[in-house]
2 protein chains.
Amino acid sequence: MTTNPAPIRVAIVEDHADFRDGLRLMLSSSQRLTIVGAFPSVEASMRDFPECDVLLLDINLPGRSGIESIPVYKRQSAAMQIVMLTGLDDDESIFNAILAGADGYLLKKTPPARVLAAVEDAAEGGTPMTPYVARRVIEHFKSTSPAKTEYQLSDREREILSALVKGLDNRQIADTLFISYETVRNHLKHIYEKLHVNSRTQAVSKAITERIV
Amino acid sequence: MTTNPAPIRVAIVEDHADFRDGLRLMLSSSQRLTIVGAFPSVEASMRDFPECDVLLLDINLPGRSGIESIPVYKRQSAAMQIVMLTGLDDDESIFNAILAGADGYLLKKTPPARVLAAVEDAAEGGTPMTPYVARRVIEHFKSTSPAKTEYQLSDREREILSALVKGLDNRQIADTLFISYETVRNHLKHIYEKLHVNSRTQAVSKAITERIV
DNA sequence: GTGACAATGACCCGAATGCGTCATTTTATC
DNA sequence: GATAAAATGACGCATTCGGGTCATTGTCAC
């Protein structure tokens with residue numbers, strides 16, 4: 001956002017020569033970027049990998065896949081931001097890339113101006129993604145963060161329940177909460193009733209998967 | 001993407017008159033959009049809410065907050081895409097909005113051209129978000145997803161473990177796997193050793209939180 | 001001030017669990 | 001073919017747990 005900052009050094013790993021060259025041309029039209037390398041494969045890039053700020057990385061590559069290579073690149077340069085630029089829009093590819101440490105995820109149909117903006121966003125510490133990808137991530141996010149049903153547990157009961165989840169036995173729970181062993185068992189009975197379960201295993205399972213704790 | 005499609009109907013709920021008017025002006029400069037309403041509060045918008053495709057919604061509003069109102073709007077019109085447009089960039093606001101059903105999350109400093117693009121993305125079923133917000137979401141996503149450590153469980157042991165997580169007792173596990181009760185107990189001993197725990201509660205807890213199952 | 005409920009505490013009993021030791025068979029792996 | 005690991009099965013024993021019943025205290029609403 002300052003005037004005339006240091007240019008962002010960008011590298012590209014993409015096997016299709018046409019797309020790679022188009023990308024290079026397009027990106028070098030910006031004053032803010034410098035293309036420091038463009039390679040057809042991970043292996044080729046590794047032979048003499050240039051220092052850079054942002055790496056545009058394809059997934060479908062001959063030899064080593066882009067996703068597998070993320071950790072390798074990150075080990076080489078932890079500060080480098082890796083933005084996936086790929087045609088693959090399935091959940092599997094998206095999540096694996098993100099979990100592997102990708103800092104952005106663009107689909108190839110993204111218009112040039114957006115790719116340019118994305119590179120800048122990534123360099124500034126953001127995580128650019130195309131709206132479709134964002135939707136996939138959010139959906140997955142929501143599906144694992146469940147509409148929590150209400151079991152009307154009292155505060156004390158929730159406290160006991162989270163001790164259960166920690167793996168404490170009744171004696172330990174009693175000691176940490178400064179109440180008697182028998183009282184803990186009574187609370188547990190009530191918890192089981194409210195959760196409609198009949199063992200601590202089931203209670204723990206339900207507590208975690210339904211985010212009650 | 002087709003030529004001259006039906007215009008996207010956009011409504012705005014934003015209390016600051018200046019920002020609201022600026023937004024309206026800016027958005028109406030696009031041929032593809034029609035502003036069908038601009039309101040200073042949720043209550044005001046509810047009095048005569050126009051049918052629309054995309055709603056730009058602030059969070060910090062006098063009266064009812066934008067986040068709380070998301071379900072209300074969604075009940076009114078499920079197809080409407082709700083894009084938050086707010087100054088709040090804390091995790092709490094972001095996640096609550098998303099979990100409440102927001103279809104996009106932009107910060108107010110987003111440049112006008114991007115807001116315009118975001119409205120179009122939302123109308124097309126994407127989830128536009130500013131790169132910063134995406135970063136927050138991804139971080140949270142990663143923090144709840146795993147770094148899975150390897151415990152070298154055998155297939156059979158994993159099978160037993162997931163039965164544990166379902167809340168079955170040893171007798172039930174034995175019956176479903178067609179092995180003897182004692183064998184189940186033996187597997188459990190090995191599982192406990194490998195997971196470094198000493199109760200089924202702890203095993204279940206570890207299995208779920210570390211995504212072993 | 002009476003009923004409802006949460007929190008505390010106690011006892012009993014049968015079943016489930018954790019832990020130890022031992023043994024046989026199957027399946028890889030070298 | 002030997003060795004190691006996994007899968008199977010068994011028994012004993014002390015402990016924990018689940019479920020039942022009962023009682024006291026405090027708080028809150030009506």
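All values below were derived from every heavy atom in this structure, side-chain atoms included, with hydrogens, water molecules and symmetry-related copies excluded. Residue numbering restarts at 1 for every chain, and letters A, B, ... go by the order of the sequence lines.
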Please report the distance, rounded to the nearest Å, between CD1 in A/Ile179 and C1' in C/dT8.
8 Å
When B/Asp155 and B/Glu182 are each assigned the nearest nucleotide of DNA chain D, the 5'-most assignment goes to B/Asp155
Could you pick out which residue, B/Arg185 or B/Leu177, lies toward the 5' side of DNA chain D when each is mapped onto its nearest nucleotide?
B/Leu177
Short side-chain donor-acceptor distance under 3.5 Å, B/Glu210 and B/Tyr151:
yes
Tell me which nucleotide among C/dT17, C/dG20, C/dG18 gets nearest to the side chain of B/Lys189.
C/dG20
Determine, step by step, whether A/Ser93 and A/Asp90 satisfy the side-chain hydrogen bond (donor to acceptor under 3.5 Å, both in side chains) criterion, reporting the C-alpha distance in whole Å, the side-chain angles of both residues, the deciding distance to 0.1 Å, and the verdict.
CA-CA 6 Å; A/Ser93 300; A/Asp90 58 297; 2.7 Å; yes
Side-chain contact test, heavy atoms from C-beta onward, threshold under 4.5 Å: evaluate it for B/Ser199 versus A/Asp169 and give yes or no.
no
Check whether more than 12 heavy atoms from other residues, nucleotides or ligands sit under 6.0 Å from atom CG of A/Asp48, and answer yes or no.
no
How close or far is atom P of C/dT17 from atom CZ of B/Arg171, stated in whole angstroms?
11 Å
Spacing between B/Ile191 atom CD1 and C/dG18 atom P, to the nearest angstrom:
11 Å
Span of DNA chain D, from the first to the last nucleotide whose atoms fall under 4.0 Å of chain B heavy atoms:
D/dA6 to D/dG12
State, yes or no, whether a side-chain contact exists between A/Glu43 and A/Arg64 at a heavy-atom distance under 4.5 Å.
yes
Looking for any heavy atom pair under 4.0 Å, which part of the strands does A/Asn170 touch: base, sugar-phosphate only, or nothing?
sugar-phosphate
Between A/Leu161 (CG) and C/dA7 (C1'), how many Å, whole number?
17 Å
Does any part of the side chain of A/Thr130, heavy atoms only, come nearer than 4.5 Å to the side chain of A/Tyr105, both counted from C-beta?
no
B/Gln172 atom CD is separated from C/dA15 atom C1', nearest whole Å, by 13 Å
In the structure I gave you, are the side-chain heavy atoms of A/Leu85 and A/Phe19 within less than 4.5 Å of one another anywhere?
yes
Under the criterion side chain to side chain contact (heavy atoms under 4.5 Å, CB included), which of A/Leu27, A/Thr110, A/Asp121 is the partner of A/Leu116?
A/Leu27
For B/Leu168 and A/Arg156, find the nucleotide of DNA chain C closest to each by heavy atoms; which residue's nucleotide sits nearer the 5' end?
A/Arg156
Rounding to an integer number of Å, can you tell me how far B/His190 NE2 sits from C/dC22 C1'?
12 Å
For a quick check of understanding: with a heavy-atom distance under 4.0 Å over all strands, which category does B/Tyr181 fall into, base, sugar-phosphate or nothing?
base
Verdict with reasoning, A/Leu57 to A/Tyr73, per side chain to side chain contact (heavy atoms under 4.5 Å, CB included)
CA-CA 10 Å; A/Leu57 183 58; A/Tyr73 284 119; 4.1 Å; yes
According to a strict under-4.0 Å criterion, is A/Thr183 in side-chain N/O contact with OP1 or OP2 of C/dG9?
yes
What is the distance, rounded to the nearest whole Å, between atom CD1 of A/Ile160 and atom P of C/dA7?
9 Å
Any B/Lys109 side-chain heavy atom under 4.5 Å of B/Tyr132 side chain:
no
Counting the atoms with a prime plus P, OP1 and OP2 as sugar-phosphate, which does A/Ser154 contact under 4.0 Å by heavy atoms, base, sugar-phosphate, or nothing?
sugar-phosphate
Helix axis bend for the helix from C/dG1-D/dC30 to C/dC30-D/dG1 - C1'-based end axes, five pairs, 10° rounding:
60°
Please pick, from C/dG9, C/dA7, C/dC22, the nucleotide with the shortest atom-to-atom distance to any side-chain atom of A/Ser180.
C/dG9
Spacing between A/His187 atom NE2 and C/dA10 atom P, to the nearest angstrom:
13 Å
